[in-house]
Amino acid sequence: MTSLPPGFYALPLPILQLSLAAVLKCGQSFRWSAYPLQVKSEDPSMPTHEYRFCLRDRVVCLRQTPTDILYRTALPEPQPSATQQKLHEAETLLWLKDYFQLAIDLKLLYNDWGSRDKVFLSIKERFSGIRMLRQDPWETLISFICSSNNNISRITKMVQNLSKEYSPPLLSLPVPDGSGIEETYHPFPPPSALAKPDVSSRLRSLGFGYRAEFIHQTAKMLVDSHHGGKTHPQESSEPSELWLLTLRGYTTENARTELLTFRGVGRKVSDCILLMSLDKTDVVPVDTHVHQIAIKHYGMKGSAKGKTNMTPKLYEEVCTKFVQVWGQYAGWAHSVLFTSDLKSFALHGLPEASDPPTIQKGRNKRERDQDEITATTNAEGSASPAERVKKRARKRRTSPE
DNA sequence: GGCTGACCCTTC
DNA sequence: AAGGGTCAGC
């Protein structure tokens, strides 16, 4: 790196430790914008994209080279002095280290997972730099309520609409491709904004479907039980947001129990929140897709084509299996497999298991032979004795009060 | 307890 | 017609 783009600072970081392109658009966070940059040369050390994320008080802009993360902080008017700007950049750097969990050595984890599991070994070189983000629990809660029965592109639109509708614009910036077009950025709205009376009907008209009520009820529940409204303009978190943050100090089981009290939050969504915002590194959220991976490559029971009903019992079995295979950071490993399968999915069409030709978009056989996940079933029957399924009573209201 | 259908909306 | 689930009702 000889010269930095104007306003940017460099944080040295091998690309093996973090791939922004892979991590920011794979269904962990739904609020990053990506902008292609004009690349004049084919110099592979030049960034191809800029990524932006709106925090409560600033917009963080990132680019990546093979050796560095380039970062820049955009602040609302009035323009700060040079020294003020520097202070903000220092804060942004701290945020980056926390948000991307840079103290965790991903290379070490990849090696560990690869030594434990040959399926992982077969894909690790091709899908490097995929790590878990440490997101804000409130934003993660609402985002993943949106995720039920849904796909990444629609979830992304919904979360953007939510921010646009329920939090005021923070600032505008020209998009980095030089077209001169400006884009306006909104922070994620606080709980009090989504707890207001007519939120659910508005969300419905914005295309949230049945999730509209879930979001409203969840926000209201939080605000009501934590003395919640906001009294001061902005800048600070609301009590319920701070309370959600304290779940990081709970055991996984206790934190999950709390999460399950919210409307629209079942086992899968709660596990996403635990893994992606509450430091529960071994939690593996099991959706139908992950279940399919477990069947195809890890010898779990269930028909690979027909849809097996995901019962709580089966869910636990799949979870347990992955923790056995990958260990303490199973949830992190799962996201690598999940991402690799997403890509191979986009590339090769539906996964198949045995004989019946799943009619689907032409291609199959030939390309599947070079499919992303190729290793044999690292089977070994599901021999897991100890399974204290510590069932906790779900304290969910049956009727609104 | 475990199983079923409904639920919004988008897309293969 | 089914999807990266959850809820209510048997």
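Just so it is clear, the model here is predicted, and its values are computed rather than measured. A note on names: the letters A, B, ... follow the listed sequences, proteins ahead of strands, and every chain is numbered from 1.
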### Query
Could you spell out the base pairing of DNA chain C in dot-bracket, with Watson-Crick or G-U pairs whose two distances are under 3.5 Å, [ ] crossing and | to another strand?
|||.||||||
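- Considering only residues two or more places apart in sequence or on other chains, A:Val323 meets the side-chain contact (heavy atoms from CB on, under 4.5 Å) condition with A:Ala330.
- Using atom P as the reference point in both C:dG5 and B:dG1, the two lie 25 Å apart (nearest Å).
- Among pairs with a residue in residues 143-156 of chain A, none fulfils salt bridge (Lys or Arg N to Asp or Glu O under 4.0 Å), at least two apart in sequence or across chains.
- Taking atom P on both nucleotides, C:dA2 is separated from B:dT4 by 15 Å, rounded to a whole Å.
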Strictly under 3.5 Å: I want the nitrogen or oxygen pairs between protein and nucleotides 4-7 of chain B, one per line.
from  : atom 1 : to       : atom 2 : distance (Å)
B:dT4 : OP2    : A:Asn309 : ND2    : 3.0

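- By the ring pair (Phe, Tyr, Trp, His ring centres under 6.0 Å) test, A:Tyr315 pairs with no residue at all, sequence neighbours left out.
- B:dC9 atom P lies 12 Å from atom CG of A:Leu203, rounded to whole Å.
- Scanning for side-chain contact (heavy atoms from CB on, under 4.5 Å) contacts around A:Ser270 gives A:Arg256, A:Leu259, A:Leu260, A:Val265, A:Arg267, with sequence neighbours left out.
- A:Lys313 has its NZ atom 12 Å from the C1' atom of B:dG1, to the nearest Å.
- Residue A:Arg211 contributes atom CZ, which lies 10 Å from atom C1' of B:dT10 at whole-angstrom precision.
- For the pair A:Asn151 CG and B:dC12 P, the interatomic distance rounds to 9 Å; values are reported in whole Å.
- To the nearest whole angstrom, the two C1' atoms, one in C:dG4 and one in B:dG2, are 23 Å apart.
- Legend: residues meeting side-chain contact (heavy atoms from CB on, under 4.5 Å) with A:Ile152, ordered by chain and number and at least two apart, are A:Phe30, A:Thr156, A:Leu342.
- For residues 275-291 of chain A, the set of pairs meeting the salt bridge (Lys or Arg N to Asp or Glu O under 4.0 Å) definition, not counting sequence neighbours, comprises A:Arg134-A:Asp279.
- Contact annotation: side chain of A:Arg263 to base of C:dC7, donor-acceptor pair absent below 3.5 Å.
- A salt bridge is absent between A:Glu183 and A:Arg52; no separation between the charged side-chain nitrogens and carboxylate oxygens falls under 4.0 Å.
- In plain terms, the two heavy atoms of A:Leu133 and A:Gln28 that are nearest each other are N-OE1, 2.9 Å.
- The distance between atom CZ of A:Arg154 and atom C1' of B:dC12, rounded to the nearest whole Å, is 16 Å.
- Comparing A:Ser148 and A:Lys157 along DNA chain B, the residue whose closest nucleotide (by nearest heavy atom) sits nearer the 5' end is A:Ser148.
- Remark: A:Cys54 engages A:Arg31, A:Val59, A:Leu170, A:Tyr185, A:Pro187 in a side-chain contact (heavy atoms from CB on, under 4.5 Å) (not counting sequence neighbours).
- One interatomic measurement links the two molecules: CD1 of A:Ile152 to C1' of B:dC12, which rounds to 17 Å at whole-angstrom precision.
- One can place CZ of A:Phe208 at 17 Å from C1' of C:dG5, the figure rounded to the nearest angstrom.
- As rounded to whole Å, 17 Å separates atom P of B:dC8 from atom CD1 of A:Ile155.
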